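Contents: one structure, followed by commentary.
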Number of protein chains: 4
Amino acid sequence: MAGNTTGNLFRVTTFGSSHGTALGAVVDGCPAGLNLSREDIQAELNRRRPGTSKITTSRGETDQVEILSGIFEGKTDGTPIAAVVYNKDADSSAYEPFRDKPRPGHGDYTWTAKYGCYDYRGGGRGSGRTTIGHVIGGAVAKKLIAQLDIKVVSHVTQVGDVKAKHVAYGHIEEYASKNAVRCADQKAAKLMEEKILKTKEKGDSVGGVVETIAFGVPAGIGEPVFDKLDADLARALMGIGSVKGVEIGFGFKLAEATASATNDEYYLEKDKIKTTTNTSGGIVGGISNGMPIVARIAVKPTPSISTVQKTVDLKTMEETEIEIKGRHDPCICPRVTPVAEAAVSMVLVDHLLRSGFINSRRI
Amino acid sequence: MAGNTTGNLFRVTTFGSSHGTALGAVVDGCPAGLNLSREDIQAELNRRRPGTSKITTSRGETDQVEILSGIFEGKTDGTPIAAVVYNKDADSSAYEPFRDKPRPGHGDYTWTAKYGCYDYRGGGRGSGRTTIGHVIGGAVAKKLIAQLDIKVVSHVTQVGDVKAKHVAYGHIEEYASKNAVRCADQKAAKLMEEKILKTKEKGDSVGGVVETIAFGVPAGIGEPVFDKLDADLARALMGIGSVKGVEIGFGFKLAEATASATNDEYYLEKDKIKTTTNTSGGIVGGISNGMPIVARIAVKPTPSISTVQKTVDLKTMEETEIEIKGRHDPCICPRVTPVAEAAVSMVLVDHLLRSGFINSRRI
Amino acid sequence: MAGNTTGNLFRVTTFGSSHGTALGAVVDGCPAGLNLSREDIQAELNRRRPGTSKITTSRGETDQVEILSGIFEGKTDGTPIAAVVYNKDADSSAYEPFRDKPRPGHGDYTWTAKYGCYDYRGGGRGSGRTTIGHVIGGAVAKKLIAQLDIKVVSHVTQVGDVKAKHVAYGHIEEYASKNAVRCADQKAAKLMEEKILKTKEKGDSVGGVVETIAFGVPAGIGEPVFDKLDADLARALMGIGSVKGVEIGFGFKLAEATASATNDEYYLEKDKIKTTTNTSGGIVGGISNGMPIVARIAVKPTPSISTVQKTVDLKTMEETEIEIKGRHDPCICPRVTPVAEAAVSMVLVDHLLRSGFINSRRI
Amino acid sequence: MAGNTTGNLFRVTTFGSSHGTALGAVVDGCPAGLNLSREDIQAELNRRRPGTSKITTSRGETDQVEILSGIFEGKTDGTPIAAVVYNKDADSSAYEPFRDKPRPGHGDYTWTAKYGCYDYRGGGRGSGRTTIGHVIGGAVAKKLIAQLDIKVVSHVTQVGDVKAKHVAYGHIEEYASKNAVRCADQKAAKLMEEKILKTKEKGDSVGGVVETIAFGVPAGIGEPVFDKLDADLARALMGIGSVKGVEIGFGFKLAEATASATNDEYYLEKDKIKTTTNTSGGIVGGISNGMPIVARIAVKPTPSISTVQKTVDLKTMEETEIEIKGRHDPCICPRVTPVAEAAVSMVLVDHLLRSGFINSRRI
C-alpha cells in the first residue's frame, strides 16, 4: 500500500523524482471560491528551490510550476488542483557510480531492499526534490488558512552547536527573512553561516533545528484518540526527509520538569481563555487550545558528503567504497523551512476542515 | 471526522472513557490462523493497570478483559476481534468540583472548546485509561509480529534529571522487569524511584523518557513519501497522552553532528547487510534497514497535582482556583512502557501487512 | 486489509458472528449534543429481529442492546458510541453437518477459500445476523438526519412475481407498517404473504425487491468523481447480504429510454428549484438535487432451503450432498427493510458531514 | 471531503476537466517491476476517445498521453505513476448560453448547488471526459492483473429496446471488437447501430446496457462485511457518469426466483471447485468463488439533446428554455465499455493486493 497521499479531507497526492520527467502534486479537497493563481504556488516554490545562495546546492533548477486543473475564472472550483514542475537541470552522469552501491545515510539501500530496484539518479524519489510536492500542497493550504488569519512561520534555531537566542514571536518572520540561513537571531545567523561554509569546505555537512510556529489557530481542532493534532503534526514533520526528531512546546525539556512548574494555568484576557505559559505548545489532550502552536524538528546533516565512505556492492555482494561528488547542500535547514511550513499548514487545513472551521464545499 | 480508528491494514478502533460503562477495542485486519486467547490480552493489560506498586495510582481496577468476537476454536478467523473491559472502581464524586473548571495540563478545556461538553469524570475519554484500547490492539499485534521473531521492548531511560546508563540491548527486557520503574539500569532505577516518591510526597509529579526498541524488523517496510515508517511511529507515539517529543535513533543529537561522523556505513555480516553504527535508529529514507528500530519519547509530568492551580470557570467565565485530590500517578513513565510497546507493535504490523511480509488473509 | 469499517466522517465498525459471544458496532464521528438513548437503538433492532411473524425464522433472539460508551448525561459527547448485543438463542448443533461441506448460495466456501477456516455455525460472520451492526449504526444515523428533517423509508415492492402498485410517497411508511411483508400496497401484500408461506411449505425460499426513499435531502451532497452519492449508496446497498442488484431512480428502465423522454427538466416551486420528473432518483452527476432519493435493490432468495443440494466435502475433496434443516427465512425482504434504511442513512450522514450540512463537532 | 481518489492499496487520483488545460491521473500503489510503457496506456485511451466512428461525437481529440513519473528503465519502480492528457480541441463558445442555465440531466445544477460555481464549459469536471483518468488507472490495472492471467472484457448487450443474444464467453471480446457498437451479437449490433443513427437524426439519444466479465479471478478476494467485492464493484460502476443501475450475476432476475432453482451447487472439475450454474456472477458472501465475475450496468441516454428543454436561470431565478447544440454522443454505451473495464480492473487489483494475491512491493 503506497503512501503518496496525505490528509483526510484536504488530500495531497505527490509524484515525481529527482531526475525523472517532472514532479508535482494533486490537491484534492480545497473548497471552491478561493482566489488562487500560479504565482501563489510559485512564490512558495521559490523559497524552496536550490541555488539561491552560497550555502545551498548549485543545481540550477528554476522550478517553474504549471497549473493543470482546478482553477476556474481565477478561483478554485472544488475540483482537484493538479500542478507540475518539469525537471530541467538534472545531471544523471554523476550518479552512475552508485547504481548498485548504496550511499550511506541515503535511502538507496532501503528502497532497493523494498522494491527490488532503485532509481539511483539523484536519489530518485527519495530525493529532497520530492518536497516540491509538499510545497505545492502547502501553498494552497497557506492561502486557505490565511482566510482565518492563521499564519505559519518556520525559522532555523540551531546549526551544529550554534543555537539562536529567543526572538519575540512577532519579529521572527521578518528577521529570519534577512539572512540566507533563515535564522531570526542575526548574530547567530552569522555564526551559522560561517559554520556551514567551513563544513562545506571540508566536504562535510552539518545538522540543525527548525522551529515552526502557527499563529491564530482556534481552540478545538485535533481528533483524539489517534488523530490528535500533535500526532498528525509529528507524522507530517517526521516524514520530511532528514528529520529525526519532533518536539511540541517544551518537548524533551518536560522530561526533566515537574507539573507544578510546567502546567499551563488558565486566565482570562478579555473574554478569551489563555494560558499563563505555553509549555504545551498550544496543544493539550491532542486538541488546540488557542495559543501559538510550536513544533521543533531535528534535522540530520545531509548525507551527501565528499569523503570516502564504506558501502556494499549489491550486485556482487562485496564490501566496497564510494566517493560522492556533485552539488549538495552543506546544511539543509534553510531549505527545510518552507517545507516545514507546508507540512504544518496542510495538517492545519485538514483539521480545520475536519472540525468544521472551514466549510468543505466553498469558502 | 472522528479519530478513534488507527492503522490502514491492521485497523484498531477504540472506545470508552474513564468513568463510563466500559472501554475496549475492535481489532480488524488480523489474519486468520493466529493462536489467540483471552490470556494473551490480559497479560498485556496487567502490565498497564494501576495499583501494582507504590509509585502508581491506587485506583483499584483489575481490568479483566472479555473477548466478544473474532476467535474460532482458539484461533483468529479473519473477522474483527472485539474485546471489552468494564470499569469497576470509578469514583466520580472527586471530580464534581471540576465540572466547569478545567484542570491545567489536562484536556478538559480543549475538549470542551471542541465538543461543547465534556465528561469531566476522571478525564472522560481524555483519560490515560483509554490506553486500554491501545494495549488490546498491541497485544494482538505482538502475537502477530512474534511469528516473524520480531520483539518490541520499552524501558524508562530518564525520570526528571536522573538518566539511565546504556544497557546492552540483549539485557534490557530482563533488567527493566526487575524494578517498579522499569529502568534497565538498576542503580538509576533506585534513584528514579526515590525521585518519584519524593515528588509524590510534595503532591507534585515528574516527567521522563521512555525508549522503545524493535528487534528483528526486516529491511523494507515503510511507505514514502508520506507514510514513512518513522512518520507513522512518530504519529503513534506522539498520540499517547502526555507525550511531547519523539526521536528516532540519535534524534536531536544529530542536529549538532556532521555527516562524516554519523552516516551509518554499510558492511557485510555473512550475507546480511548491516550498518557500522545505528544513528538512524534502523530507518533510512522512511524505510527500515534491518537494524534495531529505536525510538524515544518525552513524557511530561502528569498534570494531576495537589497544589492550588489557577483556572477559569467556563460557566461564569470568571477566573478561579482549583485543588485536585484523588489517586494519581506521580510519574506515568513506568505505565507508559506497555502502551509505547503497543503503539510501536501496531505500526509495525500495519507496515508488515502493507509490504506483504505478513499475508493479510491468513498466517 | 479487512473491511469491517464503513464511512469516512461517520465511521461505523461492526463485529460479531451468528453463534459467537456477541455482535455490535462502534459508531465514531457522531457530533456531540445529540439526544440518544438505548431505546433509540433498540427500536430499530426490534424491526430487524427474527421471530416477529410467521413469515420469518423462528430463532428466538430478543436482541437487547447495551450501550458501552459515547453517551454523557443523555447526549452524545463526541466520543465513539459502542453498543453490543449478546447472542442468546444460538443452536450450533444443527450446523455440525456443514463443518466441511459448504452450503450452496452461502459464503461458507468463499470465506474458507479466503481465510483457510470458517465458523460454520449459523453462517459465522457471513450470517444475516451481522446486520445488527448495520442497524446500530443506522439508528444513530437516523437520529442525526432527523435533525435536518430527513427521513428514510424502505418497503417491499416485489416478492417473486408479485409486484406492488405505486403508492403515493406520503403513505408508504404508514401503509407498509400495516402488514408483516412491509409492502405499502395492501392487496399485493396479501398475495406476497401467500407466496411466501407456500414457498416455505415447500422448504424453498423466494426473492424480491426492496425500495428505499430518502425525503428531505438537500441539494449538494455527493463527492465526484469517485465518491458520488449514488456510487456510495450502491456500495452500501450491494454490501447487504443477498443483494444482487441496485438501481437509482428509473434504473434499468433508462436503458430502454430516450433522453427527450427522461431528462428531468427544471422548474421553480416558489423559490425552490425542482424537476418535473424524477427519473434520476434525486441524484444527478453524483450529487443530490433536492428531490426524493430513490433506490431499489434486488434481493435473492435466501439460500437456506431444505431440499437436498450438491456440494463438495472440503476435507476429503469429494462430491457429496447436504440437507439443511433449522430455522430460516423463506423470504428475507421484510427483514431487509430496516437494514436498507440503515445503510442509506449511514451514507447520507457521512455525506452531510462531508459537505458541511452537519457540523462534525456538535449539533 | 473531496472524492477524486479511489482504491485502498491501488489508489488512483484523477484530475482535470473537459475544457481545462489537461486531464490525468496519479496511480499510486503499483508494485515495482511491471513492464509499462506509454503505449500500454495510449492503447486503452484510444478505445475511449471520441470521433472514431459515426455513432460517436465528432470532437477531435487525439488524447495523447504523457507519463511524468513512476517508470524507471521501462518498468514501474514502486513510485507513483503520473500521466497527463492535454486538451486540444475544446470549443467553449458553444457552452456560453448555459453559463447560468443548467442543462437537464447534466450535473450543472447539482454541482452549482454544492460548490456555488460551475465550470459550464463542456460539462467541466462533470464531463464524461474525466473518465480519461479512469482509463489511465485501468490501463495500469489491466497490465497488473494480466500477470495473474485475469482478463476483463466489456460489451454492449442492449441499446434501447434492442437486446443482444447470449454469446459464448470465449468469443465476446473478438466479436464485440468487430463493430462500432461493441456488441458481440453481430445481428443485434446492426440493429443497434441503426437505432443509434435514427435517434441521432432526431437530435435525441438512447440508453443501453453494458456487461463486464472478469475471467480468471481466483476464489478468495473481497472483504466483508463492508468492502465486499460486489459492493466495491457496484460503487465503481455506479460512479461512472450516466450509470443508473448495477447487477451482479442474475441480478434483478433473482428477485423473481426461488433458491431451489438458483442456488449455485458445487462440483469438482479435476481438483477445482466449481458451481453448476453462475447465477451469483462469481461472488458469494461478498467474496469471489473462482467463477467468471459478471456485472451489468444500466446506462441512461446521454442528456445532451438538441430539443428545446425547460430549465431555470440561476442568476435571475426565472424559468427559461435552452437548446443544446454541439457535438455529442447519441448513445454513450460503446465508449463506456473501456471505462467499465477500467473500473472493474481497478477494483480487482485493489482486492488482489488486499488479499495478498499480488505482492504490494514488487511483482
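Letters go in sequence order (proteins before strands), and every chain restarts at 1. No experiment lies behind these values; they were computed from the predicted model shown.
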(message) Under 4.0 Å between a side-chain nitrogen and a carboxylate oxygen: does that hold for D/Glu73 and A/Arg99?
(response) yes

(message) Quick test of your reading of the model: are D/Lys88 and D/Asp63 salt-bridged, counting only N-O distances below 4.0 Å?
(response) no

Quick check on [X] against chain A: is it the side chain, the backbone, both or neither that has a heavy atom closer than 4.5 Å?
X	answer
D/Thr14	backbone
D/Leu353	neither
D/Ile67	backbone
D/Arg361	both
D/Asn8	backbone

Side chains of [X] and [Y] only: does a donor on one sit below 3.5 Å from an acceptor on the other?
X	Y	result
A/Arg103	A/Thr311	no
D/Arg49	D/Thr62	no
D/Arg235	D/Thr6	yes
A/Asn87	A/Arg129	yes

Is there a side-chain contact between [X] and [Y] (heavy atoms, below 4.5 Å)?
X	Y	result
D/Gln64	D/Tyr86	no
D/Ile287	D/Ile221	no
D/Asp77	D/Ile71	no
A/Leu314	A/Lys101	no
D/Thr302	D/Ser304	no
A/Trp111	D/Thr79	yes

(message) Centre-to-centre under 6.0 Å for D/Phe10 and D/His351, is that the case here?
(response) no

(message) Is the distance from the ring center of A/Phe98 to that of A/His106 below 6.0 Å?
(response) no

(message) For residues 132-146 of chain A, give me every residue with a non-hydrogen atom less than 4.5 Å from any non-hydrogen atom of chain D.
(response) none

(request) Could you please state which residues from residues 112-126 of chain A sit under 4.5 angstrom from chain D, measuring non-hydrogen atom to non-hydrogen atom, sorted by number, or 'none'? (result) A/Thr112, A/Ala113, A/Lys114, A/Tyr115, A/Gly116, A/Cys117, A/Tyr118, A/Asp119, A/Tyr120, A/Arg121, A/Arg125

Against chain A, work out which of [options] has the most heavy-atom pairs shorter than 4.5 Å and name it.
options	answer
D/Arg354, D/Arg11, D/Lys75	D/Arg11
D/Thr5, D/Leu68, D/Leu9	D/Leu68
D/Ala82, D/Gly20, D/Pro80	D/Pro80

(request) Output the option from A/Gly3, A/Ser360, A/Gly33 having the highest count of non-hydrogen pairs under 4.5 Å with chain D. (result) A/Gly3

(request) Heavy-atom pairs under 4.5 Å with chain D are the metric here; pick the option from A/Cys30, A/Ala22, A/Ser17 that has the most. (result) A/Ala22

(message) Taking side chain as everything from C-beta outward and backbone as N, CA, C, O, which of these in A/Phe15 sits under 4.5 Å from a heavy atom of chain D? Side chain, backbone, both or neither.
(response) both

(message) Using the rule side chain to side chain contact (heavy atoms under 4.5 Å, CB included), only one of D/Asn35, D/Leu34, D/Ile363 pairs with D/Thr76; which is it?
(response) D/Leu34

